[in-house]
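Shown next, in structure tokens, is the structure this report addresses.
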Amino acid sequence: MTQKLFGSFSRKRTSFLFGLLVLAFWVACAFVGPFVVPQDPYADDLMNALAPPSAEHWFGTDQIGRDVFSRVIAGARPILSVAPAATFLAALCGTMLGLVTGYAGGWVDTVLSRLVEVILALPLIVVALLVLVALGPSSLNATLVIALVFTPIIARTVRSAVLAECKLDYVPAAQLRDETALHIMFVEILPNVLPPIVVEVTVRLGYAIFTVASLSFLGFGIQPPSPDWGLSIAENYGLIVGGYGWTVGFAALATASLVIGVNLVAEGLQDAAR
Amino acid sequence: MTPLERQIIDEHRAGRLSRRMFLRHASRIGLLAALPAPAAALGRPGATVRVASQVPSGALEPLTVSEIGGLAMLCQTGEFLIFDGSDLVLRPSLATGWTPDADCSTWTFTLRPGVKFHDGQAFGAADVVATMDRLCDPRQGSNALSVLRGVLSPGGTRRIDELTVRFELDAPNGNFPYYVSSDNYNAIMLPANYAGDFEANFNGTGPFRLERYAAKQGASFVRNPAYWGRAALPARTEFTFFTDQQPQILALEDDQVDAIVQISVQGAQGLLRDPDVRIIDIPASTHRQIHLRCDQGPLADRRVRQAIALCLDRPGILHGLFQGRARLGNDSPFDPMFASTDRSVPQRRKDLSRAMALMNEAGHADGFETTLTTERQQEIPDLAVLVQNACGQIGIRVGLRIEDPGTYYGTAQFGRSDWLDSAIGITDYGHRGVPNVNLAAPYLSNGAWNAAHFRSAEYDRLVAGYIAATDLSAQRVLAGRIQTLLLDETPVIIPYFYDYICATGPTVTGVAVSGLSQIFLQDAALS
Amino acid sequence: MGRKLRMVAVRCALSGLTLLLLSAVVFAAGQVLPGDVGRSILGPLADARAVAALDHQLGADAPPLLMYARWIGHLLQGDMGVSYAYRSPVAPFIVRALGKSSALAAVTLALVVPLSVGAGILAASRRGRWQDRLVNLGGLSLTVVPEFVSGILLILVFGVWLRWLPISANTRPGTGAPEQLRHLILPALPLVLVLFGYIARITRAGMIEALDADYTRTATLKGLRRSQVILRHVLRNALLPTITVIAAQTSYLLGGLVVVETLFRYQGIGSLILTAAHGKDYPMLEAGILTVGAAYILSAILADALVAMLDPR
Amino acid sequence: MSPPALSLAGLSVSYGRTPILRGLSFEIAPGACFGLVGESGCGKSTAAFAALRALPPAGRVTAGQIGIDGQDVLSLSRAGLRQLWARRVSMVYQDPSRALNPTLTVGVQLAEAFTVLGAPDPMARAEAMLARVQVPSPRRLLAAYPHQLSGGTQQRVVIAMALAKNPSLLVLDEPTTGLDATVEAEILDLVDALRREQGTAVLLISHNLPMVARMCDRIGVLYAGILVEQGEAGEVLGAPSHPYTARLVACLPGAGRRKRDGPLQTIAGGLPAPGAALAPCAFAPRCDRREAVCLSTPPPERWTGLHMALCHFTPPFPAPPGLSAGAPAEAGARPVLAARHLSKTYAGPGGAVRAVDDASLTLAAGETLGLVGESGSGKTTLARLLLGLTAPDPGGTLTLDDAALGPTIRSRSRNDRRAIQIIFQNPDSALNRAQRVRSILTRPLVRLAGLSGRALTAALSELAQGVRLGEAHLAMRPRALSGGLKQRAAIARAFAGRPRVVICDEPTSALDVSVQAAILNLLAGLQARDGVSYVFISHDLAVVRYLADRIAVMYLGQMLEVGPAEDVLAGPHHPYTAALVSASTAATRIRLKGEMPAPGAVQAGCVFQANCPRKIGPVCENVRPPFDPDAVHPVRCHLPAGELPRVDRRLAGANS
């Protein structure tokens, strides 16, 4: 897979490498951003609120005078902590669930499939909203909720991959030499369904970012005073009409570039896995 | 002339009471019952005035309405005994006069004759009794109960004759007329046989009658030809409901509406600069209360609370959050615009070195960690961040928890409400014509809204005295002591009182508003 | 035919079961939601006795199971219940919100379906060339951009900067249909962008599969004109998965509406659910969510029916 | 003389930069039938598509000429090409279910062929055409969708579509692969009859040498995109002029050859990968007649009359020495595995389905039982029942060495479990592609043989040597191995636990002829070494004939007949067996009535009665024929033993 990704240089790789570059930039921002930004992303400056972009404030300032550029850079951290954590959790649970339901079949499969269908009968964002209204908004809860709603999706992918594997003869061959179900699931089948899982997880990461951002925008995700992009947009988008577009435009561009970057990487992985 | 009346007139003559304050106080005790209505606006009659309003988030039931969309609707057809205008002067409405007894424990109201409800019934004392009894009955879901509790009980309203009612209060109250004025927004007068179906016909006594109401969409009203007073100028008014401010602004700029009932500065910065928009800006006692829990943790130390209050750059906040459309708060509910407020109490200013010193004295030189819990409502999250940053200057590391209003208030009972249980919280308090309500529940030792868990027998005593005080100078003396006590103890920080802002198109005249999101259109006209 | 009928019956029964489960889940979630209805009507500062009295009047203080049973009983009689907040039947609110959302969804679909199917067909016929890559990568990249992000950018560019399109989705009552439509374009665009990639991609894949299929070669070797081959043999097969995907995206569309309706302050079903959740208006919330669930299931069934009609298998 | 129906001259085709066909030249006379044979990947199908100028987008003719009826195909305009396709040429390819548009009815699709010709009343003509391909009730068929039809009927529809325009050239690309033997025979007969009737020239492409030989006048042999030999069918197969053809023919387990006659011939090495650089003689690296000249000079086209071979040398090409293995195992008398009255019923959408119905068999030590039957006959289910992978219906018994054997793996002891193993049909599916061959082989040694440490290492190398896998192969993942090597690894895995019985489920059906021979030799050798018993499942009678000591014939889940191999194949045997045998020979075909019904509920009478050409009467419908599993050669038929069909020996030996 790696060979295929980096091996020959073609236009397909260009988009992958471009995505990787964008992603790397934001990951770097997430790690060191808060330390290298020109101004404290949290410091208010009430006398300088809503200043347009200038040499001092490259992206202008927001309602309470915080430097938008610094906040956009620092804003990579919250989203890049919540989304990957949620995705990882979902990948873990989804893989387990998918392996068990796919391999065990029978009533376990039937019951779980129906439950999954109920969850999937609603828009993800609505499900997440319901749970978050009940639990109260916080980064942790957002992580758990996204993991919760992504788990069945990943489980479904894993399950169908496992079902396809179970049709292959190496599974009965393993049964014939008295392997335990655990061995068959994790040693025999899992390595074979790993590539689709990796692809699915990368794709999901993109959607996790999507969902975290959307939840933050609706006020149920990352909480103030975080410089999170979705939150910043939620806090400031009422200002658009007044002509203070810089308070939201840059955060929007940052979000877009991050999800597109992740998506291009996912695309590359998908091509390579094929 | 009663001694009270005489005292007020004397104060005014002596120059100790401005004309505005004089009017307010005189009106309070019914002295100016004959005061003429504000000068009639000079508009052409017959227009259709279109208004953008916040969508009422529930049924329009006068007994229960509490949110601004509903308030704006109720006062279109409903009227109060007394009208409390934007100048805080009480003007006769359905009552033509009111007088207290000597200790202000009994108030006698004279009703306006010849008033008819829209359905043709005549308005009289029985209607007042029924309405008031409903409002203070704990078995009803009355929103006014929190105001009337301890002031008026069921049965306390007596019909003397067809046009006279007497209120026998639970305790003396010098500001009682405010409790039955438009200040108490639930107190619109309904017929005695009211069956809980206000939304069906908006049966009131006002200058407009309901034409059509569609929940969540809008409402329209037409001039009431049988109105007791001067006929309304507009032939028709049309309300469109919006969920948010931005589309209202767009609608105004796009000339789809003639007025917006209320705008907040946040998100309206562009509109406020627009020369084509007329801004009606009236002072209101609407404020944010930052409570500091006095009974636990480092905040139990008065010096720590003072230190926090000393960190805030209040003028900066006024400028940054409100573009100056607000007044400095001095950590008590006494808005400078109240007549009884003692303006000689010094305003608290930012003083970091003093704050640091207090922290040192309190043994918290290295600061501490705490959490600020509040609700997502207008500028409050921004204020929370400002408080967080301010506290950071003296080493207090504040975590923020910004919640949905429903979550924040919870069941509004101690132990089951983030509002009442949090170490630091920011709570929104609406406009009141007098500080009475806001002096009691939020600060009294047994106060139901005492989120600061402030316990001071001294305070309780002072407030009881203030509420019972009938004459202004006595009120002012007590006010000064309350202000000083609250400044010293600092159970709460009240950084500002902000203005009520209404926006209209450039051709609109005669729109009247109150600080409670009530909009009165009988004098409105389009030129 | 009997078999098909039975399949439909089973399918509907299962859908009903799913909805029932869904209603139980929503109800359970509603029990966990903080605060209570009387409090949310009367406001935080209302007296506790008044809140209790109001809760009692509304029947919101009954045991949860009883409330649920009551509600289900009414629902089965076609009564969606009475809103706590508005104290009037829920149904008209749902109908109106659904109408508004449907208008937005219809504009979205009317824009996205021809656009993305066309793009998918173009990409398939220019396989490997720049048009293909543009549709494929560009479409998919847009798919992952949250609606509020693209919405903000679109507002900034088309609404604020160029002033081509109205920012607000709302029009005053009595506005003509074309003008209403114009107001819906900007809100629809973020959804269009999200859906475009999916549909274009699946169309492209379906086209390529059908173009490469043996039966297409059979048709070509029959000597049919290229256009006949495409119209009769390729498109019909190629668009089957597209239909399924469009139906599947309906769920997504409904969720996206929550965000878009918030961004554009449009009072559709999404904002209705959001408001009801905030206001603890359970009957409204239940009805709203079930409506969304039913709409989703219905669209899936419709798509299946359409596919079954087009695909004899 | 009219121009040839098809003439290819120096035709070269590439996919992208990969050359697939290299200078292909041959002609097909009008009305003649030309067979193009070769192993997988030699470019057969490309030749077919290229001939009609219907290559997929990536394919490109790089050199050469194509003529159809004397018309230069490569210079045709789009419109001209469409006219050519519409009127003069047709093609039938491998999988009929994919050649038909699933969303249109048969009638609509068939009528299109007439509409294009501008013929009036296309529907009526479509119906007439269906009648010509001998489908039952053509009118009803018009309204049917392809998925409602069996594979055989689908292929008939495709053929009807192809012949609708009365083409001068019909290209058949593996037209019967995937169809059952009896169906295949019928389709081939049909095509043969129709093309003779219409005078259509045929290009038949197949990997199946005997089949092509039966059908065609002339044969061409492709190797790595090069036509190495062409000539009259009988000559090419009977007296090959090219070493490759000679070896290929020798690999076939045909002509009544048995394992006791000695091992099969094989071809060393494997096919060159597509695009690989070729020696001047492409076959030279694998050729045992190879000399220096073969690696330096391209071989000439050596013509002998109408027979061409691309070789420096002339026949004969004798078999290389040293290929004689030890004598095959002698089947002992003691039964190892015995099954009695095994049944398996599945719940299906239309009610219960009997996949296996009252099957009984006995397997002696060192014996090979051939299990034959068409798809859906229950062969594989029976194998799973024996293995314990599927639980049988209650009532049946299994014994191993006279001791009762548990019905499922879980209920069996480790010893019992290791005693019965399987070699699956498809090694790609049977070998875990995530693991290296070493761990694939090690794991059963650990689990089944209970080995560890040095003993394990020793056992592993012995096991690998036994199937001729080298150390290098052990380090690879299955993907990196050729088909033959993969199957060797699968065989090694099956033998790791020293099993008593190995079930071979069509182990060579996915392999090319030359590889198949090597695998069959290996299986025979391992049996001779270990005395293991085989249940050998196959649909290829020639392979079964080669390997099996006894043969069981299954139909719709029932065992119709069991007996010594020769007796079963020669008869007297079951009427169904007779049909199977006739399908694989040139002998007068025994035609079955209708199609094999779908497996269904238990029937009262004989399962074969609906199709049986020898049906007696109501007794067949109502009474289950008797079957004594303990007899030497029981036949489940109501016909008296003396009236059971038998093969005419003269015809049988001739061409199978």
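Basis for what follows: all heavy atoms, side chains included, without hydrogens, waters or symmetry-related copies. Here the structure is a predicted model, which is why all the values come from computation and not from measurement. Lettering follows sequence order; numbering is per chain, from 1.
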Heavy-atom distances under 4.5 Å only: say whether D:Arg433 touches chain A with side chain, backbone, both or neither.
->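 Contact with chain A: backbone and side chain both.
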So what's closer than 4.5 Å to chain A heavy atoms on D:Leu387: side chain, backbone, both or neither?
->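 Looking at D:Leu387, backbone and side chain both touch chain A.
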Distance-only, no hydrogens or angles: does the D:Ser413 side chain make a donor-acceptor pair with backbone N or O of D:Asp416 under 3.5 Å?
->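 Yes.
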Heavy-atom donor-acceptor pair, D:Arg493 side chain to D:Ala430 backbone, under 3.5 Å =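 It does hold such a pair.
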Which atoms of A:Glu179 come close to chain D, meaning under 4.5 Å heavy atom to heavy atom: side chain ones, backbone ones, both, or neither?
->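 For A:Glu179, the contact with chain D is made by backbone and side chain together.
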Interface moiety of A:Val187 toward chain D, non-hydrogen atoms closer than 4.5 Å =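 Both the backbone and the side chain of A:Val187 come within 4.5 Å of chain D.
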Apply side-chain hydrogen bond (donor to acceptor under 3.5 Å, both in side chains) to A:Tyr103 and A:Glu165, showing your working.
-> CA-CA 9 Å; A:Tyr103 183 73; A:Glu165 290 299 314; over 6 Å; no
Applying the side-chain hydrogen bond (donor to acceptor under 3.5 Å, both in side chains) test to D:Ser509, which of D:Gln516, D:Gln425, D:His539 qualifies?
->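 Testing D:Ser509 for a side-chain hydrogen bond (donor to acceptor under 3.5 Å, both in side chains) against D:Gln516, D:Gln425, D:His539 leaves exactly one candidate, D:Gln425.
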So which of D:Gln421, D:Arg384, D:Arg414 has the biggest tally of heavy-atom pairs under 4.5 Å with chain A?
->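 Winner by heavy-atom pair count: D:Gln421.
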Between D:Gln527 and D:Thr368, do the side chains contain an N or O donor and an N or O acceptor separated by less than 3.5 Å?
->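 There is such a pair between these side chains.
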